[in-house]
Every structure is written in structure tokens, then in C-alpha cells.
Protein chains: 2
Amino acid sequence: MSKPKRLMELMMTVNRKKKFTVKELASEFDVSTRTILRDLQELSELGVPLYSEVGPHGGYQVLNERILPPIAFTEEEAVAIFFACHALRHYAYLPFETESSSALNKFYFYMSGDVRDRIDEMKNRIDFVIPSRQAKFPYLSILLDGAIRQKVIRIEYESREGVSARLIQPVGIYASSGLWYCPAYCFLREDIRLFRCDRIKSAAEDTSGTHPLDLRNLHLGNREALLPSEQEFTSLYAELSEEGVHRCEAEYWSATKLHRREDGTGWLEGSMPKRDIPFLAQFFIGLGADATVKYPPELIDDIKRRLTEMMARYG
Amino acid sequence: MSKPKRLMELMMTVNRKKKFTVKELASEFDVSTRTILRDLQELSELGVPLYSEVGPHGGYQVLNERILPPIAFTEEEAVAIFFACHALRHYAYLPFETESSSALNKFYFYMSGDVRDRIDEMKNRIDFVIPSRQAKFPYLSILLDGAIRQKVIRIEYESREGVSARLIQPVGIYASSGLWYCPAYCFLREDIRLFRCDRIKSAAEDTSGTHPLDLRNLHLGNREALLPSEQEFTSLYAELSEEGVHRCEAEYWSATKLHRREDGTGWLEGSMPKRDIPFLAQFFIGLGADATVKYPPELIDDIKRRLTEMMARYG
DNA sequence: TTTATTTGTGACAATAGTTGTCACTATTAT
DNA sequence: ATAATAGTGACAACTATTGTCACAAATAAA
């Protein structure tokens, strides 16, 4: 085995093992321990964060900031990655912002000038529009870490009734229309609740000793399971024009209740929590002539009440 | 200079030059031509697409699929890139889809198992919600290429009046709320128009000889310049509640007209094209009690007309 | 057709880099 | 005190690389 190849594989091996000895690696690679010592010295000089301990039960460890073996990407691949990261630039407070930026700097350094020019030109030609928000989301990393490692987080949450302290265990975080949301198990309500991340005023790992639940089978993908469970439901049916179909397509809650006809029109049909009727009334009013609610009657009544109120307001 | 270092720099040099000779490189790197020949052979074996021509004015060229020198990323950088690409997975038809995917496969190959596990777990814990669209956008690459290289594109566009052929010169493409849009100079209307990409039924480079305009100073960033220029305007003023402010924040057209007060409420004020009054009427109806339009009178009249129609529809 | 310019190949002596062995040191837990 | 670990320097043996040389092949231009 050539030296360059051996160094590459050694890098992958040390990244994989938590702890290892020089003797063990020498045996595995069929070289002398002296050679392994030299190789590890060379990896160290290349920036691999190796740490050694002398004595029985000693050996080497890799500190947490591990480095991948060098990878040769095509320029097209680098451009693709550039634009993926570019697409997310509107999101402040992203958990990986620093790392993203340093990765792109590395690519930029190794690219020839004409590809750089091309990227700079493309920055002006393709964009992903995210609504610009004044809201701030400084605790995304903590929430994400809590979700991954099944941790209890103490937050201060601002709702209509004011700021209250809560213990939550996050399921995950997601961004929609420029805002971040965190579905989490709320120990106060003893149920899954959806938190808006800009309304979280502080967040820190809980130190009171509350035991986390096992939420491993609960994640962002099974979203129906995230809905609050104990509440009254009602049946909804609304006719939609073609434009109404398009607009309901874009709504998080309505996508699963949307049915289409061949001519492009469609209808919404399904169970909704009764407590959502105010939201639904305003939503269908916003759809105007593109939607007509057939039932439930409570919803139609609320729509009429709001229309009357608006008629009065505009004289 | 050590051989590995020389190979790295040689890779960057060949990527930069369009065409070069062995003699030129030997002089530049202060080695013999025989060594350069060997080095080029070795780069070739590493996958660098070199092409040579014998004879006067001969030499080497790199074919277009250039490869970057191997780059050593930290694992955190790789994770960040993974999630940038992950964020875009909802967008079908993206111009760089294949390249993105192959780049991620390279990362995945070199990562140790525990980081892979971590990424797989994170996939369930962080998400970027893009409205799911039934629409199709098969011509994004052509439009983007047209924008970058200032080309005229022949399209078939489906509007309310039916499908019509158009010659356009794209300014760029952008995604908003799951749909793609292409602002372009329209040779038929002799003005900048905004095209929805799912309504483009075909697109190909124009072969009729129409000369492209010089649109280099026009790009997605100076969006006000993209608005149609010859039309009637009217003054808009509307009071907003705190919630109304939040909802106008998310709107592409209203962000520049939004003013805030310290208590969180605000108002919209500014010039709007008269032809947008139907859209505005429905928009403010959708805001319900969170907005009150003060002027223009035509807008208030349209709002009242729509409210009356809806009252009649719901009995 | 000839000439000059380019890439290209193989061989080999000289040079540079790498490896394993050896002898020894230092640290640390048991 | 002992055993197990990392660590260092030196040197002969071995391997890889380099430059020189002689020659071959292809090609455009005069």
C-alpha cells in the first residue's frame, strides 16, 4: 500500500474508532509501530486533532472536531453546494451558519477564477425568496440539540397571557414562511404543543432533574401525531375553484384534506378541531369567491358574523 | 517542494489555464519536463479530464468537467452542507439536483458511522417546510442559463387567454412559496414581465436571430426596477394591528411599504398600480379585523362589493 | 517535402524519501 | 516494582522520484 493511500485510510480509521493504540494500528495496517507514529505525526500536522495518553489504558483519541479525508469534488458539485447554502442565507440564527460559511470559503479558495465569476453572476440570477422577518430566534441550536438528544429544556414562553416558564422536550424544529416553530412535549400541559420560536424568550437545558420521555418514535415526519389529542372535532366541507385549490395546496394544515377534480377545481373535506373555527372563518373569507363552505354550520355563522363586522367598519 | 504539494498546485494551475504546454509548466514549477509528464499522467489517473494535442500550437487542455483539488472539511462543515442540500429537497426540477446528490454521496462515503447516524437522526429533527405543489417546472435550467448568458428564449406561455408563443430574455428565476417565477424582458410587450414557471409550457433557445438586449445591470436584486413602468398608480393607506404587521411582513410586495410603531401595530403606506386593486381588496378582506383601509376610495368600494357578494353567498 | 514544435516512451544513474530495527526514555495504573 | 502505553533518535536497507538521454510520433506552417 502506497503512503498517500495509507494516510487516507488511516484518517478514516481514526475517525471511526473512539480510542486506539499505536500497536493496534500497526497490526491492522501491517506496518511497524514506528511508521504509525510517524504517520500520526503527519496527520497531526495536517490538522487532525489527535490527543494521546501515556501509561496503561493509554493510547490515542481524536478530539471532537474531526476532519474528513480530502475529497475531490467536481466544480459542478461545488457550484451546487454553493447554491444550497446560498438558498439558506435569509435564515439568520441557523444552527450551522458558521460551519456553512467556512466550508464555502474553502471551496472558494480552490476554485479557478472563471468559476468564481460564474458563481458571483449566478447569485444575481437565482434566488429563493423567504419572507423577511423582524422576529429573532436565538435558541434554535439549543432546541435542536434537545430534540436530537432527548433533553428537557426550560424556556420562557410569551403567549397572549404573558411570559411563563415551561419545561419542554422538543420533537424538532421547522421553518415555514420565514418563521421557526418547535413542536414539543409540554410538561405543564402534559401534551404535545406547537411553539413559535420567536416567542421563546429564553432557553436552557433543565437542571431540575425532570426525566425526559422516550420520544424517539415521534418526529417531524409523523406530523398528524403531533396534534393535541383531547379536543372536540367537527366535519368540514368546502368547495374550491381552481385558484382555491392552488392556495390550499400551500397551506400546511389543508394539504391532507384537499381533493382534486380533473378540471382543476376541488374540495376540502375532513375533521377539524372546533377550536380552529375562528381561524378557519378568517381563512375562507380570505379565499373570497374561490371557496364556499358547506358545513359545519358554526363555521358559516362565524363567517357571516365577521362579514357583517367588516361591512360595518367600511361603512 | 514536495510531490503531494506540487500535485495540488498543479491541479489548481491546470484548472486556471485554458491551454498550456509541458515546457511552460516545467519552467513554472522548476522541474523537468519528464516530471511534468509523469505528474500529468498521475492527475489523469486521479480523474482530472486532461486532453492533449501533438504538434505546433499543441499542448494540453482540461475538458469542461473540472475537478477541484481534494479539500479536507471538518465533519461539522460536512453536516452543515448536508442540511443546506436537505433543505432544498422539496424543490423538484432544481438546476443542480444531480450534482448536489453526487456531492452528498461523496461526503457520506468518507464520514464515520456515528456522524452518519447523527445526520440520519437530524433529518427527523429539523426541516424547512416548502408548500407542496402539484405544478411542474421543467424549464428552470434553460431559463437560468438564459439569464446568466443573456440569451433570448422562445417559450409557450399559458395565460388566462390561452397559450401563446413569446420571445423573452430572462433576468433570473426565483422560488417563492413553492412556486417558481421568472422576471424577463418580453419582446412582445417590450417590457419586463413576471412569468410563472409552471405556466411555461415549452422553452428553447431562440434561433430566429433576435438580438439580446444588454440586461447586465438588471438582476433579481434591484426588484423595484422589474416592475412594469407604464401604468397608473394610486396611493394606499391602511392601519394594521400587531398581527396585521406580522402578516404583511411576509408579503413580497408589502414589505417596503410597511411602517411600525413601538407598540407593535403599524400601517401600510405607498404607491400601488391601479390594476392591483382587485388583488388588494381580497388581500385586505383576508386580513379581517387586523387591517383597515383608509384610502384609496376605489379600493374601499371594491372591498365592500366583495363583502356584499360573500354575504349573499352564505345566505 | 522539410522543418520546427509539440507530446510521448523507456531506460538508468543519481537523489530523495520511507521503513523497520534497535536502543533507550518517560508516563501511568495497578 | 511491573507492565503497558506513547515517545525519540539514529541508521542501514529499501523504495520512490527525478533529470538526462535517446528516440518516436504527430502536426501545422513554410
Side-chain angles (χ1 to χ4, degrees), chain A residues 1-67 69-70 72, chain B residues 1-67 69-70 72:
Chain A
M1 189 188 302
S2 75
K3 187 189 178 186
K5 192 166 189 289
R6 192 178 68 240
L7 282 182
M8 283 285 271
E9 303 209 2
L10 194 56
M11 255 180 119
M12 290 175 76
T13 301
V14 301
N15 280 342
R16 195 180 62 233
K17 294 177 185 267
K18 295 292 176 190
K19 199 171 155 63
F20 51 90
T21 63
V22 170
K23 189 170 168 184
E24 178 186 336
L25 291 184
S27 170
E28 197 166 317
F29 283 83
D30 201 29
V31 292
S32 69
T33 55
R34 189 68 184 86
T35 294
I36 290 294
L37 280 172
R38 288 193 189 103
D39 284 353
L40 292 178
Q41 170 74 13
E42 190 158 346
L43 287 192
S44 211
E45 280 157 16
L46 288 175
V48 179
L50 294 170
Y51 165 75
S52 70
E53 270 187 1
V54 174
H57 307 291
Y60 276 83
Q61 295 172 51
V62 182
L63 295 181
N64 274 342
E65 296 164 355
R66 294 183 293 189
I67 296 195
Chain B
M1 191 188 301
S2 75
K3 188 188 177 186
K5 191 165 191 287
R6 193 178 68 241
L7 283 182
M8 284 284 272
E9 304 209 3
L10 195 55
M11 256 180 118
M12 290 177 73
T13 301
V14 301
N15 281 342
R16 195 179 63 234
K17 295 176 186 266
K18 294 293 176 191
K19 198 168 154 65
F20 52 90
T21 64
V22 170
K23 187 171 170 186
E24 178 186 336
L25 291 185
S27 170
E28 198 166 318
F29 282 84
D30 202 30
V31 293
S32 68
T33 56
R34 191 68 185 86
T35 294
I36 291 293
L37 280 172
R38 287 193 191 105
D39 283 355
L40 292 178
Q41 170 73 15
E42 190 157 344
L43 287 191
S44 210
E45 282 157 14
L46 287 175
V48 178
L50 294 170
Y51 164 75
S52 70
E53 270 187 2
V54 174
H57 308 291
Y60 276 83
Q61 294 171 53
V62 181
L63 295 182
N64 273 343
E65 296 165 355
R66 293 183 293 190
I67 295 195

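Chain identifiers are assigned alphabetically (A, B, ...) following the order of the sequence lines, protein sequences preceding nucleic acid strands; residue numbering begins at 1 within each chain. Computed from a predicted model, the values in this text were never measured in an experiment.
- From A:K3, atom NZ reaches atom CD of A:E42 across 3.5 Å, with rounding to the nearest 0.5 Å.
- Between the CD atom of B:E53 and the P atom of C:dT6 there is a distance of 13 Å, rounded to whole Å.
- Within 6.0 Å of atom NZ in B:K23, 12 or fewer heavy atoms from other residues, nucleotides or ligands are found, so the atom counts as exposed in its surroundings.
- One interatomic measurement links the two molecules: CG of A:L40 to C1' of D:dA6, which rounds to 10 Å at whole-angstrom precision.
- B:E28 has its side chain within reach of B:K17: a pair of non-hydrogen atoms, C-beta onward, lies under 4.5 Å apart.
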Sequence neighbours excluded and cut-off under 3.5 Å, please list the side-chain donor-acceptor pairs for residues 45-56 of chain A, or say none.
unit_1 : atom_1 : unit_2 : atom_2 : d
A:E45  : OE2    : A:Q41  : NE2    : 2.9
A:Y51  : OH     : A:E53  : OE2    : 3.1

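- Spacing between atom CD of B:Q61 and atom C1' of C:dT7 amounts to 13 Å, rounded to whole angstrom units.
- Taken from OG1 in A:T33 to CG in A:L40, the straight-line distance is 11.0 Å, to the nearest 0.5 Å.
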At under 4.0 Å between heavy atoms, how does the protein contact nucleotides 13-25 of chain D? Give one character per nucleotide, 5' to 3', with B, S or -. ----SBBB----B
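- Place B:H57 and B:Q41 on DNA chain C by their nearest nucleotides, and B:H57 ends up nearer the 5' end.
- A distance of 11.0 Å separates OG1 in A:T35 from CG in A:D30, rounded to the nearest 0.5 Å.
- With respect to B:K5 and B:E9, a salt bridge is recorded, a charged nitrogen being found less than 4.0 Å from a carboxylate O.
- Here the P atom of nucleotide C:dG20 and the CG atom of A:L37 are 12 Å apart, to the nearest Å.
- In this structure, B:Y51 places its OH atom 13 Å from C1' of C:dT6, rounding to the nearest Å.
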For B:D39 and B:L43, run side-chain contact (heavy atoms from CB on, under 4.5 Å): C-alpha distance rounded to whole Å, both residues' side-chain angles, the deciding distance at 0.1 Å, then the answer. CA-CA 6 Å; B:D39 283 355; B:L43 287 191; 5.6 Å; no
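- Contacts between residues 14-24 of chain B and DNA chain C, defined by a heavy-atom separation under 4.0 Å, are made by B:T21, B:V22.
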